[in-house]
Amino acid sequence: MIKSKIRWLTQDRLFFIALILALISVGFGRFDVAFIDSKVLLSLFGLMIVVEGMNQLGILERIANLLLRLANTKRQLFLYFISLSFIASMFLTNDVAILTLLPMFYLICEERLQKKELVLGSIWIIVAANLGSSIFPSGNPQNIFLFSYYHLSLPTFFSWMIPFAFLSILILSVGLFRIPKEAIAENTVKPVAKRQGTITAFICFFLMLLYVVDILSQWWIVCIVLALMLWRFPKSYLKIDYRLLLTFACFFIIVGNIKALPQIAQWVAQTVHSPKAALLSSALISQVISNVPAAFLLAPFTTQAHSLVIGTNIGGMGTLLASLANLIGYRVLTTYVPQIKGAFLLWFSLLNILYFLIFISIFWFLI
């Protein structure tokens, strides 16, 4: 029993590190429930439950299979997978898009594509999920947090992300020209979607979006969603990542205690004192600790919300550690096609660093 609990605590490295740092920060400071932003945790919990329910319905698989019937060439196949990853991640988060689409990509394409094409397809599905999730407030954890923390409005958020969206589409479109227009074998995969509960899932998803963007701000909205999901999708409660919620709570405690230490708080504040400094700092810090912790660490020390939103979303590109979605994608790849992991790491690093430099250079002048 004790060994299983220790294994549960240490299995997720980010959670384990966050827990240790939170305990250390409490040792130097204090534990205060007021440090924890309940709105963010409720938003994340509700979305995780709803998205898991929608995942059980097989909605993405059904859409993917529909598009695959239309794909006649390798380039069209890539276009459909990348587009679906980009669009789905806006609403279902980048993690879910990757966890759903990458296995489908391997099962369908492993025998139809060359090794290099498999590598590039894997990279672009992950990149598309990261970029697409950046465009909507509920697309990824750092957007949920920053949208709530700075009390942003939807028009303001979308106005910031429109240039990001255009550049994302351009970057992904250019990559497609490296894929030949060769014919592919006919797709024989059958849809696996379940219809029962679909209406409930979409109603709950819509309610959670309204809660995230503060159109419906009452906490009991989430309670209604959780009750409906428990009725229709009870198994979804067993499959969500509770360590992610605890990781967020640890981040809040760490940042709350850092703010109470004048010297450290002053140093962190100096790194984000101007729009360009906040942009660069958040993007670079994300390369080491990933973009979600970077958002939690820097937000309390700056009013540069625009720069921090853009910087942490750019920060998802670059290293494998820059985003949790990158690590999830790599874990899926090593499970299904471990023979390409070496080539994947090389090209993933090269292309993501290139994309990182392009985005940071352009937004350096736009911020």
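Note that the numbering runs from 1 along the sequence shown for the chain.
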**Q** For the pair Tyr106 and Ser122, evaluate side-chain contact (heavy atoms from CB on, under 4.5 Å) and give the outcome as yes or no after the intermediate values.
**A** CA-CA 9 Å; Tyr106 297 137; Ser122 304; 2.8 Å; yes
**Q** Quick one: list whatever passes side chain to side chain donor-acceptor pair (under 3.5 Å) with Asn291, sequence neighbours left out.
**A** none
**Q** Can you check side-chain contact (heavy atoms from CB on, under 4.5 Å) on Ile367 and Gln304, steps first, answer last?
**A** CA-CA 10 Å; Ile367 291 292; Gln304 306 297 338; over 6 Å; no
**Q** Measure the acute angle between the ring planes of Phe359 and Phe363, then classify it against the limits of 30° and 60° as parallel, tilted or perpendicular.
**A** parallel
**Q** Minimum heavy-atom separation for Val50 to Ala201, with atom names?
**A** CG1-O, 3.8 Å
**Q** Under 3.5 Å, is there a donor-acceptor pair between the side chain of Ser89 and the main chain of Asn94?
**A** no
**Q** Please report the shortest heavy-atom distance between Ile98 and Gly329, naming the atom on each side.
**A** CG2-CA, 3.6 Å
**Q** Take atom NZ in Lys341; do more than 12 heavy atoms of anything else shown fall under 6.0 Å from it?
**A** no
**Q** Please assess Phe344 against Thr334 for the test side-chain contact (heavy atoms from CB on, under 4.5 Å), listing each intermediate value before the final yes or no.
**A** CA-CA 10 Å; Phe344 171 83; Thr334 55; over 6 Å; no
**Q** Keeping the roles fixed (side chain from Ser159, backbone from Thr156), state whether a donor-acceptor pair exists under 3.5 Å.
**A** yes
**Q** Quick one: closest heavy-atom pair of Ser282 and Gly311, and the distance?
**A** OG-CA, 3.2 Å
**Q** Whether the side chain of Asn326 engages the backbone of Gly316 through a donor-acceptor N/O pair (distance < 3.5 Å, no angle test) should be reported.
**A** yes
**Q** Do Leu172 and Val127 touch side chain to side chain, with heavy atoms closer than 4.5 Å?
**A** yes
**Q** Distance-only, no hydrogens or angles: does the Ser133 side chain make a donor-acceptor pair with backbone N or O of Ala129 under 3.5 Å?
**A** yes
**Q** Over all heavy atoms of both residues, which pair between Ile253 and Ala22 is shortest? Give the atoms and the distance, please.
**A** CG2-O, 4.2 Å
**Q** So how far is it from Ile126 CD1 to Leu131 CG, rounded to the nearest 0.5 Å?
**A** 12.0 Å
**Q** Answer whether the closest heavy-atom distance between the side chains of Ile49 and Val225 falls below 4.5 Å.
**A** no
**Q** Is it the case that one hydrophobic cluster holds both Ile162 and Met90, taking links as side-chain heavy atoms less than 4.5 Å apart, direct or via other members?
**A** no
**Q** Considering non-hydrogen atoms only, spot the tightest contact between Leu308 and Thr302 and give its length.
**A** CD2-CG2, 4.1 Å
**Q** For Glu52, which residues count as a salt bridge (Lys or Arg N to Asp or Glu O under 4.0 Å) partner, sequence neighbours excluded?
**A** none
**Q** Please examine the side chains of Leu354 and Leu350, heavy atoms only from C-beta on, and report whether any two atoms are closer than 4.5 Å.
**A** no
**Q** For the residue pair Phe158 and Phe136, does the interplanar ring angle fall in the parallel (under 30°), tilted (30 to 60°) or perpendicular (over 60°) class?
**A** tilted
**Q** First locate atom CG of Leu327, then atom CG of Leu320, and finally report the distance between them rounded to the nearest 0.5 Å.
**A** 5.0 Å
**Q** Does the side chain of Tyr149 reach to within under 4.5 Å of the side chain of Pro300, using non-hydrogen atoms?
**A** yes
**Q** Between atom CZ of Phe81 and atom CG of Leu101, what is the distance when rounded to the nearest 0.5 Å?
**A** 6.5 Å
**Q** Closer than 3.5 angstrom, by distance alone: can the side chain of Gln287 be matched with the main-chain N or O of Met317 as a donor-acceptor pair?
**A** yes
**Q** As an exercise, state the distance from CG of Leu118 to CD of Gln339, rounded to the nearest 0.5 Å.
**A** 8.0 Å
**Q** Does some side-chain heavy atom of Val332 sit less than 4.5 Å from a side-chain heavy atom of Pro103?
**A** yes
**Q** Compare all side-chain heavy atoms of Phe206 with those of Leu210 and state whether any distance is below 4.5 angstrom.
**A** yes
**Q** Could you check Asn313, Thr93, Asp95 and say which one makes a side chain to side chain donor-acceptor pair (under 3.5 Å) with Asn140?
**A** Asn313
**Q** What I'd like to find out is whether the side chain of Leu79 reaches to under 4.5 Å of the side chain of Arg75, using heavy atoms alone.
**A** no
**Q** Using atom types as modelled, flag every donor-acceptor pair under 3.5 Å from a side chain in residues 227-238 to any protein atom, sequence neighbours excluded.
**A**
| unit_1 | atom_1 | unit_2 | atom_2 | d |
| --- | --- | --- | --- | --- |
| Ser236 | OG | Phe233 | O | 2.6 |
| Tyr237 | OH | Leu226 | O | 2.5 |

**Q** Which pair of heavy atoms, one from Ser134 and one from Asn143, lies closest together, and at what distance?
**A** O-ND2, 3.0 Å
**Q** Verify, without hydrogens or angle tests, whether Thr319 (side chain) and Ala322 (backbone) share a donor-acceptor contact under 3.5 angstrom.
**A** yes
**Q** Just verifying a value: how many Å separate Trp124 CH2 and Leu351 CG, rounded to the nearest 0.5 Å?
**A** 7.0 Å
**Q** Donor-acceptor pair, distance only, cut-off 3.5 Å: does the side chain of Gln142 make one with the backbone of Val309?
**A** no
**Q** What do the steps show when you test Trp219 against Val222 for side-chain contact (heavy atoms from CB on, under 4.5 Å), and what is the final call?
**A** CA-CA 6 Å; Trp219 61 270; Val222 181; 5.9 Å; no
**Q** In terms of relative ring orientation, are Phe205 and Phe91 parallel, tilted or perpendicular, with 30° and 60° separating the classes?
**A** perpendicular
**Q** Which distance, rounded to the nearest 0.5 Å, do you find between the OG of Ser85 and the CD1 of Ile82?
**A** 8.5 Å
**Q** Would you call Phe356 and Leu284 a side-chain contact if the rule is heavy atoms closer than 4.5 Å?
**A** yes
**Q** Please answer: with hydrophobic residues joined when any side-chain heavy atoms are less than 4.5 Å apart, are Phe365 and Trp160 in the same cluster?
**A** yes
**Q** Honestly curious: do Ile362 and Phe166 fall in one hydrophobic cluster under the side-chain, below-4.5 Å linking rule?
**A** no
